[in-house]
Amino acid sequence: MEHEKTKLWTGQYVMIIVITFLFFLSLQSLLGGFPVFVGEISHNATTGGLMTTVFMVAAILSRPFIGMFLERLNMKKTMLITLVFLIAAVALSFNNESVPFLIVLRIIQGVGFGIITTLLATFATNLIPPNRIGEGIGYFGLSTSIGTSVGPMIALSLIHAYSFNVLLTFSIILTVLTFVGGIALRYKYTPPKVSHTKSLLDHAFARAALLPCFLVMIFYITFSGIVNYLDGLGADTGLGGKTSFFFLIVGAMLVLTRPFSGKIYDQFGHKFLIYPACITGIIGLLLLSHTAHFSMLVVSGIFYGIAYGIMQPTFQAWAVSRVTPDKKGTANAMVLSFMDLGVAIGAVILGQAVGALGYSAMYAWSSILVVAMVLIYFALTTFKKSNKNTVHTEAS
């Protein structure tokens, strides 16, 4: 009986990981492709970044509503119906150069992304044994992070070698495969019994999860700079399409870091992961800002990839572990929303930084965000620990 409670690698868990990887690869390839395509047709990098911002804002705004109805929804049917709308929204982008219309389509795609990512994360966290939450979310996060990091690389490669329409076709094929996998999904989620009189704020927000969510948002602002503007750095430095290898290197580092980082979290906690991840993230961004040769690009990708591979699952596991079981869906939605918010904010403010400072300087300034993140983490976690010790001493 105990073995069943602690078993992680069930058939349903593997299925969720595969479906999630396909979905993230599909949507994240468009996240990297749309800014390049729209930037070219509009001759404005900021307009290209706007495609990312509206997508992410739509995803963020959709999550509180899916959280509000999650307890009463058939999650499998909701996922399949949403995937159909997503396929249609991507198909309508073919041979279309109307920026306003593409913005509308990106909003629809963002809503679909927000709904499905929340559902997939809730499926996964309800399948993971509590005592293996770090490891379980680590492997689940591997599917999302590889899709997120490799997707933009594929996008840049397909756009430079072929066309934006080929990228759209690639995305549709992966979304169809996600749909097929969703049909085969047999797991039935039984939500905890909770009151249906909760407000939207109750469903959308868990105060205990706020700190890890805020910190992961800061880190994802730096990731937004990479997803949206690395192609521009390649044009500036003469590396061209070689910059797409950065995402491949990041993906490789994800595979290397995830198996042990989740176990470290379960045994020792988040502080043994966040501090070294911040250091490697800062180094990676500083090296990227000085990249002029392919070898430097590779080294910066290694350092930043270590940070990226550790950050996302660590903050998600920390957020989920801080809430009650009936709030797991809310915590997942918050983490995803704050990640998307970071990408949306980064697309705008780092786009402005590119215009004012250039691509290389923008990445150097991005490293300051990671410095700020680790200082906030240190201050708040240390302050909380000091308060607990004070209360304990006074009680004694």
According to a hydrophobic-cluster definition based on side-chain heavy atoms being under 4.5 Å apart (Ile, Leu, Val, Met, Phe, Trp, Tyr only), do [X] and [Y] belong together?
X	Y	value
I279	I264	no
V299	L297	no
I159	V166	yes
I81	L83	no
I19	I17	yes

Give the intermediate values and the outcome of ring pair (Phe, Tyr, Trp, His ring centres under 6.0 Å) for residues Y275 and Y377.
CA-CA 9 Å; Y275 287 124; Y377 172 78; 5.3 Å; yes
Atom pair [atom1] ([X]) and [atom2] ([Y]), whose distance is rounded to the nearest 0.5 Å:
X	Y	atom1	atom2	answer
I107	M56	CD1	CE	14.0 Å
L167	S26	CG	OG	9.0 Å
W318	I137	CH2	CD1	13.5 Å
I226	I221	CD1	CD1	13.0 Å
L142	T257	CG	OG1	8.0 Å
I345	L350	CD1	CG	10.0 Å

Any side-chain to backbone donor/acceptor pair from [X] onto [Y]? Under 3.5 Å, distance only.
X	Y	answer
N228	G351	no
S224	V343	yes
T291	L288	yes
T243	L239	no
T117	F113	yes

Could you check if a side-chain atom of [X] sits within less than 4.5 angstrom of a side-chain atom of [Y], using non-hydrogen atoms only?
X	Y	answer
L233	S360	yes
V54	L50	yes
Y139	W9	yes
L273	F268	no
I16	L185	yes
L31	P152	no
I376	I218	yes
P212	V216	no

Distance-minimising heavy-atom pair for [X] and [Y]:
X	Y	answer
L120	F140	O-CZ, 3.8 Å
T175	I87	CG2-CG1, 3.5 Å
S62	G114	OG-CA, 3.5 Å
T52	P35	OG1-CG, 3.3 Å
M15	G181	SD-O, 4.0 Å
S244	S157	OG-OG, 3.7 Å

Compute the centroid of each ring, for [X] and then for [Y], and state whether the two points are separated by less than 6.0 Å.
X	Y	answer
Y363	Y229	no
F223	Y220	yes
F214	F338	no
F245	F294	yes

Check step by step if side chain to side chain contact (heavy atoms under 4.5 Å, CB included) holds for I115 and R63.
CA-CA 6 Å; I115 292 172; R63 289 205 178 98; over 6 Å; no
Where do S171 and S29 land on the side-chain hydrogen bond (donor to acceptor under 3.5 Å, both in side chains) test, with the steps shown first?
CA-CA 7 Å; S171 177; S29 64; 4.6 Å; no
Apply side-chain hydrogen bond (donor to acceptor under 3.5 Å, both in side chains) to residues S93 and R106 and explain how you reach the verdict.
CA-CA 9 Å; S93 304; R106 287 301 278 164; over 6 Å; no
Around F378, counting heavy atoms of other residues, nucleotides and ligands shown, do more than 12 lie under 6.0 Å from its CZ?
no
With a 6.0 Å cut-off (strictly less than), is the heavy-atom count around NE2 of H160, excluding the residue itself, greater than 12?
yes
Does the side chain of [X] come under 3.5 Å of the side chain of [Y] through a donor N or O and an acceptor N or O?
X	Y	answer
Y265	S321	yes
T222	Y304	yes
N332	T125	yes

In sequence, state the C-alpha distance, the side-chain angles, and the governing distance for Y308 and F303, and then conclude on ring pair (Phe, Tyr, Trp, His ring centres under 6.0 Å).
CA-CA 9 Å; Y308 181 70; F303 277 98; over 10 Å; no
Assess whether side chain to side chain contact (heavy atoms under 4.5 Å, CB included) is satisfied between F37 and L102, documenting all intermediate values.
CA-CA 11 Å; F37 174 69; L102 290 175; 4.0 Å; yes
Could you please spell out the steps behind the side chain to side chain contact (heavy atoms under 4.5 Å, CB included) verdict for Q312 and T144?
CA-CA 10 Å; Q312 183 268 327; T144 67; 3.8 Å; yes
Go through it in stages, so that I can follow the logic: the residues are F164 and F94, the test is side chain to side chain contact (heavy atoms under 4.5 Å, CB included), and I'd like the CA-CA distance, side-chain angles, deciding distance and then a yes or no.
CA-CA 8 Å; F164 185 61; F94 275 93; over 6 Å; no
